[in-house]
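A short worksheet on the structure shown next.
Predicted model only: the values in this text are computed from it and were never measured.
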Amino acid sequence: DASEVILLFVETSGRYDLVTKDEYGEMTPSARAYHYLNAAQRWLDRELGCPKEDAWLIKTLAAGETLIEFSLARYVKNVYIQDPDDEDVKTSLPWKPAWFDIEDIEADGWPLKGIELEVDDEKDRTIWIHAAWKSPALDEEDSISFWTVEHPELLVRAMQVQTEIDMRNTQGVADFAEPLRHDLEQIWRDVVAEEMSGPPEQWRMR
């Protein structure tokens, strides 16, 4: 989980300034440690994209409504409407990004994304949104994500990249980032092999 990754990073890097110790020697990550952890996870997401990032969001849109809001989406790939008589039939819909008045958005609504569809005043609609999604924020000790569970060693090294950036150590950034990118390339090859073992209509090509 998040705290285990941070403590592993602290032990391997010697950055004990990112934790506090209680009288029993137990270490607690600081806010700055979580900052580096989430920055590292975003770096991995951007460099590769979470290998399991593709997913569907299914929303019911009431008659007369046009706006659908959601969070954690990196980008929307397509939007479909489900046939009311056959849930296996979906038709692509025209859509556009929705723009918000920042002053009207509650603080707990971020990070926010939205799309707008053409209005249908007659009936409710079941909308399928195909998008690539960000990894969830790691803001609690027991928070988990794909990276903490499947590749904690890469998250530890990505944290090192972020701390080297803050120290303006360009050589250190390069030394840590290049092996990371090699590992991400191998992960991507595994993803491609897995997808191509199934029927062609499920292949995801970039």
inquiry  = Show every side-chain hydrogen bond (donor to acceptor under 3.5 Å, both in side chains) that has at least one partner inside residues 28-40, sequence neighbours left out.
reply    =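 Non-adjacent pairs meeting side-chain hydrogen bond (donor to acceptor under 3.5 Å, both in side chains): Asp17-Arg32, Tyr36-Asp166.
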ask   = Does any pair with a residue in residues 170-187 pass side-chain hydrogen bond (donor to acceptor under 3.5 Å, both in side chains), and if so which ones, sequence neighbours excluded?
value =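 Counting only pairs at least two positions apart or across chains, the side-chain hydrogen bond (donor to acceptor under 3.5 Å, both in side chains) contacts touching residues 170-187 are Glu47-Arg181, Arg157-Asp183, Gln171-Asp175, Glu185-Arg189.
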Any residue meeting side-chain contact (heavy atoms from CB on, under 4.5 Å) with [X], in chain and number order, not counting sequence neighbours:
X: Ala39; answer: Arg42, Gln162
X: Asp190; answer: none
X: Lys59; answer: Leu57, Ile68
X: Val173; answer: Val161, Glu164, Ile165

What residues, two or more places apart in sequence or in another chain, satisfy side-chain hydrogen bond (donor to acceptor under 3.5 Å, both in side chains) together with [X]?
X: Asp1; answer: Ser3
X: Ser92; answer: Asn78
X: Ser145; answer: Gln41

ask   = With side chains defined as the heavy atoms from C-beta onward, is the minimum distance between Trp147 and Val5 less than 4.5 Å?
value =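 A side-chain contact under 4.5 Å is absent here.
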ask   = Are Ile115 and Phe70 side-chain neighbours, meaning at least one heavy-atom pair lies under 4.5 Å?
value =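 Yes - at least one pair of side-chain heavy atoms lies under 4.5 Å apart.
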request  = Could you verify whether a donor N or O on one side chain and an acceptor N or O on the other, from Thr60 and Asp124, lie under 3.5 Å apart?
outcome  =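 No pair is found: no donor N or O on one side chain lies under 3.5 Å from an acceptor on the other.
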query = Among all residues two or more places apart in sequence or in another chain, which pass the salt bridge (Lys or Arg N to Asp or Glu O under 4.0 Å) test with Lys123?
reply =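 In terms of salt bridge (Lys or Arg N to Asp or Glu O under 4.0 Å), with neighbours along the sequence ignored, Lys123 is linked to Asp120.
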task = Among Ile, Leu, Val, Met, Phe, Trp and Tyr joined by side-chain contacts under 4.5 Å, find the other residues sharing a cluster with Ile144 and list them by chain and number.
result =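 ILVMFWY cluster around Ile144 also holds Val149.
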Residues clustered with Tyr80, ILVMFWY side-chain links under 4.5 angstrom =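 Under the 4.5 Å side-chain rule, Tyr80 groups with Trp56, Ile58, Trp128.
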inquiry  = Please report the interatomic distance CE(Met159) to CG(Leu44), rounded to the nearest 0.5 Å.
reply    =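 Going from CE on Met159 over to CG on Leu44, the span is 11.0 Å.
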